[in-house]
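One structure is given here, and the rest of the page talks about it.
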Amino acid sequence: MAKLVVLYPQPTDGAQFEKLYAEEHVPLCQEKLKGMKLAVTHIKASAAGDPPYHLMAEVWAPSIEALQGFLSTPDGQEVAGHAFRISTGGPPAVLFTEEDVHQF
């Protein structure tokens, strides 16, 4: 399974960011990310001082190629552009990852 991980830096106005993310970005993702899953993690603390990131979004897809292909479409560009516009603390970090899940 592949993931696109988006790490949003601490926003200049946390309440405004949360409102835009919940009311605009999540509905946009629901409309555009057909066949993919979105997981959102709100970062509350760090082991070493204030966390550099406010929120982590993970978009799950069958492959990195599928994620890269989506981002090259008009829908992908719209979602990515909106993510960057609402990130008032600076541009989000964007990572492509693959997971190995181990069960013990």
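Since this is a predicted model, take the numbers as computed values, not measurements.
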Query raised in the report: Would a hydrophobic clustering, with Ile, Leu, Val, Met, Phe, Trp and Tyr connected at side-chain separations under 4.5 Å, put Phe70 with Val40?
Result: yes
Donor-acceptor pairs under 3.5 Å, side chain of residues 74-84 to any protein atom, not counting sequence neighbours: which ones?
{"from": "Asp75", "atom 1": "OD1", "to": "Lys32", "atom 2": "NZ", "distance (Å)": "3.2"}
{"from": "Gln77", "atom 1": "NE2", "to": "Leu71", "atom 2": "O", "distance (Å)": "2.5"}
{"from": "Glu78", "atom 1": "OE1", "to": "Lys32", "atom 2": "NZ", "distance (Å)": "3.4"}
{"from": "His82", "atom 1": "ND1", "to": "His25", "atom 2": "ND1", "distance (Å)": "2.9"}
{"from": "His82", "atom 1": "NE2", "to": "Glu24", "atom 2": "OE1", "distance (Å)": "2.9"}

Report task. Give the minimum heavy-atom separation between Lys34 and Glu31, together with the two atoms involved. Result -> CE-O, 3.1 Å
Report task. Kindly compute the distance separating CD (Gln10) from CZ (Phe17), expressed to the nearest 0.5 Å. Result -> 9.5 Å
Report summary line: Between the OG1 atom in Thr97 and the CG atom in Leu4, the distance rounded to the nearest 0.5 Å is 8.0 Å
Query raised in the report: Hey, quick one: are Leu95 and Tyr8 part of the same hydrophobic cluster, counting side-chain heavy atoms closer than 4.5 Å, chains of contacts allowed?
Result: no
Query raised in the report: Hey, quick one: are Val6 and Leu28 part of the same hydrophobic cluster, counting side-chain heavy atoms closer than 4.5 Å, chains of contacts allowed?
Result: yes
Query raised in the report: Got a second to check how far Met36's CE is from Gln30's CD, nearest 0.5 Å?
Result: 14.5 Å
Report task. Without swapping roles, check the side chain of Thr88 against the backbone of Pro11 for a donor-acceptor pair under 3.5 Å. Result -> no
Requested in this report: For the residue pair Phe96 and Val5, establish whether any side-chain heavy-atom pair is separated by less than 4.5 Å.
Outcome: no
Query raised in the report: Any side-chain heavy atom of Gln68 sitting closer than 4.5 Å to one from Ser63?
Result: no
Report summary line: For residues 31-50, the ring pair (Phe, Tyr, Trp, His ring centres under 6.0 Å) pairs (sequence neighbours left out) are none
Requested in this report: Enter the distance from Asp13:CG to Lys19:NZ here, rounded to the nearest 0.5 Å.
Outcome: 11.5 Å
Which pairs would a plain distance check flag for residues 53-62, meaning a side-chain donor or acceptor within less than 3.5 Å of a matching protein atom at least two apart in sequence or in another chain?
{"from": "His54", "atom 1": "NE2", "to": "Glu18", "atom 2": "OE2", "distance (Å)": "2.6"}
{"from": "Glu58", "atom 1": "OE2", "to": "Lys3", "atom 2": "NZ", "distance (Å)": "2.5"}

Requested in this report: Any chance you could measure Ile43, atom CD1, to Asp50, atom CG, to the nearest 0.5 Å?
Outcome: 12.5 Å
Report task. Decide whether Leu38 and Ile64 are clustered together by the hydrophobic rule: side chain heavy atoms of Ile, Leu, Val, Met, Phe, Trp, Tyr closer than 4.5 Å, transitively. Result -> yes
Report summary line: d(Leu20 CG, Ser87 OG) to nearest 0.5 Å is 11.0 Å
